[in-house]
Amino acid sequence: MLDLRFVRQNPQLVRDALARRGEAFDLEHFRQQEQTRKTLTERAESLRHERNETSKRIGEMKRAGVDASDAIEKAETARGALSAANAALDEFEREYHTSMLGWPNLPEADVPDGASDADNVEVGTFGVPRTFDWTPRDHVELGDTLGLEFERASKLSGSRFALLRGALARLNRALATFMLDVHVSEHGYEEVNVPVLVRRETLQGTGQLPKFEHDQFHVAGDEGMFLIPTSEVPLTSLYRGEILDLNRLPLKFVAHSLCFRREAGAYGKDTRGMIRMHQFEKVELVQIVAPQDSAEALHALTRHAEVVLERLELPYRKMALCAGDLGFSAARTFDLEVWLPSQNRYREISSCSNCHDFQARRMGCRIRTEPGKKGAISFPHTLNGSGVAIGRCLIAVMENFQDANGDIVIPDALRPYMGGAEKLVAEPSTKT
RNA sequence: GGAGGGGUGGCAGAGCGGUUGAAUGCACCGGUCUUGAAAACCGGCAAGGUGAGAGCCUUCGAGGGUUCGAAUCCCUCCUCCUCCGCCA
C-alpha cells in the first residue's frame, strides 16, 4: 500500500512513477475522492462530537440528580442523522480502501525504463556456459532414465505436476538442505518452517490479494484458506500487526517450503518439463530491515542467492528488472537467471526484491524508532528473494552436469548430502 | 468433535453502562541527588486520522446490535488456554 499522505502531496510524481510500470493513475478522480472523503469525514465527525457532548452532559445531570429526559429526547432525534452520515462514510471508505489496495508499488527512480522482460538490463554474469561434444539433452530426456516422471504424476494430479524417484528425489532434497545450510550458517538467516495454508489477510499483507486471487489455490470448504504461492508470504507476515523495536532489526528468515500456483495466465507456456509446475519447492529469503538499510540489504540478499549458484558451479546472469516487469509489491528487483543448455539460454531461478514499506503498510508491521519518544513509529522495509527455486535448480544441475551417456555428475558442494556419491547413474526408463 | 475459561497500552494486570484513552506495577525517556553508577524521589510515556494551533474524531481481538452514552450488555466470527474424545 502506498503512503496516502505521500500520494496526496506528490500526486503527479505518483502518476508518473506508476505510468513507468504501465499503470494508469487518474489524478482528477483521485482529487475528487479526496474531496469526498474530507466532506464525509467532517460531517460524520462533527455529528459524533455533538453526540459525545450531549451524552456527557446527560451523565453529569444524572449524577447530579437532575432530570435529563429533555436532553435524552433531543439526543434520540439526532441519532438518525449521525447513523446516516456514518453509513455514507463507511461505504465510501470501503470502496476507497479497496482501490488503494489495487495500486502497485512505485519503482525506484533508477530502475530502468521498459515495458516487459525484453527491456531488463543485464548487470553481471558468472561462469561460462559449457560447450558439449553432443547435443545436450534437456532435463525431461535425462530424467526419463533417472526417475523424473510426468505421466504418472498427471494421472494422480493432472498437468503441471511431476514425480521424482530414487536418487533424483534425494538430489532434490540435498539441494534444499544445502541451500538452508548455506543461508543459516554463512549468511546469518534464521531457519523457519512455515504453514503452507494461510488466511486471506495474510495474502493481502504481502500483495497477492485482492488483485491476484485467480493466481492462488483456494481451498474448498474452508472459505478463508489459500495455499501459499511462496513462503515469502508467511515469512514476511510473521510480524504482521506488531510494533518492533528498531534494535531488533534486521530480521533475516529463510524457509524451505512447498509453493503452489495456479499458473492461470500461463496456458501453453513452458508446458514441457518441470519449469512451471502447480506445486514446487523453493528456499526463500526474507529480510525486515530499517528503511535506510534496505538498498544495501537488497544487494546483500541477492548476493546470498548468487552464492548458492556459484557453489553449485552453475553459470548465471543477474538482471535488473525494468519498471514494466516489476512485481506488484516490488520497488526494485534483481532476477538471477541460470543457464539451461537445452534451451541455449538463461532462465529465471531467483527473483530478489526490495518492497520498501509497501508490504509493511499493508500488514501493519511497524517499528519504534526511538523508545519512549512520541511519534517515533514508522514502517520497516521488507525484502524477499528466492535462494533459490529448487525444481529449476535441479533442472539446471541435471542439464549442466550431464555426461555423454546420460549420467549426472553431482556438483562437489552436494556430495556430502548425497552420501558421498559422485554421479547419478542413468537406469533403463522407469516407464517400461 | 464435546465442556469450560480468557483476549485491555511495549509487557504484566485492574476496570464489567456515564467527567476511563483507560488504575497499578514493570520496562522506557527526562530531571534531582551522586565523583560516576545503582537506589530513592519528581516528571513524562499507546496508536491512527484531522487541524497552523487549541482542539476534535477513532481504536480496549474483529464485525454487527442494544443505548442519549459501550472496554463494560447481546449476537456472530477469529484466537489462546484447560479437560475429554479423535488423530500423524
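From a predicted model like this one, the values you see are computed outputs, not experimental measurements. Heavy atoms only: backbone and side chains are in, while hydrogens, waters and symmetry mates are out. Letters go in sequence order (proteins before strands), and every chain restarts at 1.
If you measure from atom CG of L244(A) to atom P of A47(B), you get 15 Å, rounded to the nearest angstrom. Put simply, CD1 on I377(A) is 14 Å from C1' on C29(B), counting in whole angstrom units. Distance CG (D245(A)) to P (C11(B)): 10 Å, rounded to an integer number of Å. When the P atom of G49(B) is taken as reference, atom CE of M100(A) falls 11 Å away, rounded to whole Å. Atom CG in L246(A) sits roughly 14 Å away from atom P in C29(B) (whole-Å rounding). F92(A) places its CZ atom 14 Å from the C1' atom of G49(B), with the value rounded to the nearest Å. Distance R362(A) CZ to G48(B) P: 20 Å, rounded to the nearest Å. The CG atom of N86(A) sits 15 Å away from the C1' atom of G63(B) (whole-angstrom rounding).
Between A23(B) and A37(B), the two P atoms lie 31 Å apart (nearest whole Å). Nucleotides A39(B) and G30(B) are separated by 14 Å at their P atoms, to the nearest Å. Nucleotides A62(B) and C80(B), compared at atom C1', are 15 Å apart to the nearest Å. For the C1' atoms, the distance linking A47(B) with A52(B) amounts to 23 Å, nearest Å. To the nearest whole angstrom, the two P atoms, one in U8(B) and one in G61(B), are 7 Å apart. Spacing between C83(B) and C28(B) at atom P, rounded to whole Å, works out to 36 Å. Nucleotides A27(B) and C81(B), compared at atom P, are 28 Å apart to the nearest Å. Spacing between G69(B) and C57(B) at atom P, rounded to whole Å, works out to 15 Å.
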Contact pattern, 5' to 3', of nucleotides 51-60 of chain B - B, S or - by protein heavy atom under 4.0 Å: -----SBS--

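For the pair M398(A)/D138(A), no side-chain contact is recorded, criterion being any heavy-atom separation below 4.5 Å from C-beta on. Inter-residue side-chain proximity for P229(A) and Q216(A) is flagged as met; some heavy-atom pair is nearer than 4.5 Å.
Judged by distance alone, with hydrogens and angles left aside, the side-chain atoms of N10(A) form a donor-acceptor pair with the main-chain N or O of F6(A) at under 3.5 Å.
Checking the phosphate oxygens (OP1, OP2) of C68(B), a side-chain nitrogen or oxygen of R79(A) falls inside 4.0 Å. Between R5(A) and G49(B) there is a side-chain N or O to OP1 or OP2 distance below 4.0 Å.
When all heavy atoms of A85(A) and A44(A) are compared, the closest pair comes out as CB-CA, 4.0 Å. Across L249(A) and A290(A), no two heavy atoms sit closer than the pair CD1-N, 3.7 Å. Among all heavy-atom pairs drawn from P11(A) and L27(A), the shortest one is CB-CD2, 3.3 Å.
Using a 4.0 Å cut-off between charged side-chain N and carboxylate O, K211(A) and E23(A) make a salt bridge. With respect to R262(A) and D215(A), no salt bridge is recorded, no charged nitrogen being found less than 4.0 Å from a carboxylate O. A salt bridge links R152(A) with E149(A): the closest approach of a Lys/Arg side-chain nitrogen to an acidic carboxylate oxygen falls below 4.0 angstrom.
Heavy-atom nearest nucleotides on RNA chain B were determined for I243(A) and for E76(A), and the one closer to the 5' end corresponds to I243(A).
Listed by chain and number, the residues in a salt bridge (charged side-chain N to carboxylate O under 4.0 Å, His left out) with D26(A) amount to none (sequence neighbours excluded). Every residue two or more places apart in sequence or in another chain that forms a salt bridge (charged side-chain N to carboxylate O under 4.0 Å, His left out) with D113(A) is listed here: R20(A).
Applying a 4.0 Å cut-off to non-hydrogen atoms, the residues of residues 58-75 of chain A that approach RNA chain B are I58(A), G59(A), K62(A), R63(A), I72(A), A75(A), listed by residue number.
Pairs of residues two or more places apart, or lying in two chains, that qualify as side chain to side chain donor-acceptor pair (under 3.5 Å) and include a residue from residues 70-88 of chain A are R48(A)-N86(A).
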Bracket string, RNA chain B, 5' to 3' - pairs by Watson-Crick or G-U geometry under 3.5 Å, | interstrand: ((((((((.[[[..)..(.....]]].(((((.......))))).(((((....))))).[[[[[..)....]]]]])))))))....

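Atoms CD and CG, from E313(A) and L414(A) in turn, are 9.5 Å apart once rounded to the nearest 0.5 Å.
Heavy atoms of R8(A) sit under 4.0 angstrom from primed sugar atoms or phosphate atoms, though from no base atom.
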